[in-house]
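By convention here, the first residue in the shown sequence is residue 1.
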Amino acid sequence: MRQEDLPASGFTDNEMMLIAEAVRRAQLRHGEAGIERGAIEEAIIAEARRGTRTMYGLVKVGWRLERDAATAGLL
């Protein structure tokens, strides 16, 4: 995924690179779990808006998506 594939959000180029990489990593982990890329993207961008600027913090959001989906019986 390229940085240009993400929606415009007011982040700096460096922040967008971090977000793009976090989405890529989370998508690799969750691609087989049936979680859509758009949901991962939205969750990571929302977390970045809350101020998280570490790769671990952003990718962890994707892990929570999988856990929440499993808890709800969606997976």
Inset, instruction - Indicate the atoms forming the closest heavy-atom contact of Ala43 with Val61, along with that distance. - result: CB-CG1, 3.3 Å
Inset, instruction - Look up atom CG in Leu58 and atom CD1 in Ile40, then write down how far apart they are to the nearest 0.5 Å. - result: 13.0 Å
Inset, instruction - Mark yes when over 12 heavy atoms from residues, nucleotides or ligands other than Glu36 sit less than 6.0 Å from its CD; otherwise mark no. - result: no
Inset, instruction - Applying side chain to side chain contact (heavy atoms under 4.5 Å, CB included), run through Arg25 and Glu21 and close with a yes or a no. - result: CA-CA 6 Å; Arg25 289 182 187 193; Glu21 180 61 15; 2.9 Å; yes
Inset, instruction - Might you point out which heavy atoms bring Ile44 and Ile19 nearest each other, and give the distance in Å? - result: CG2-CG2, 4.1 Å
Inset, instruction - Mind listing the closest non-hydrogen atom pair of Glu41 and Val23 along with its distance? - result: CA-CG2, 4.0 Å
Legend entry - Inter-residue atom distance Lys60.NZ - Thr54.OG1, 0.5 Å rounding: 8.0 Å
Inset, instruction - Taking all heavy atoms of Leu18 and all of Met55, pick out the closest pair and write down the distance. - result: CD1-CE, 3.5 Å
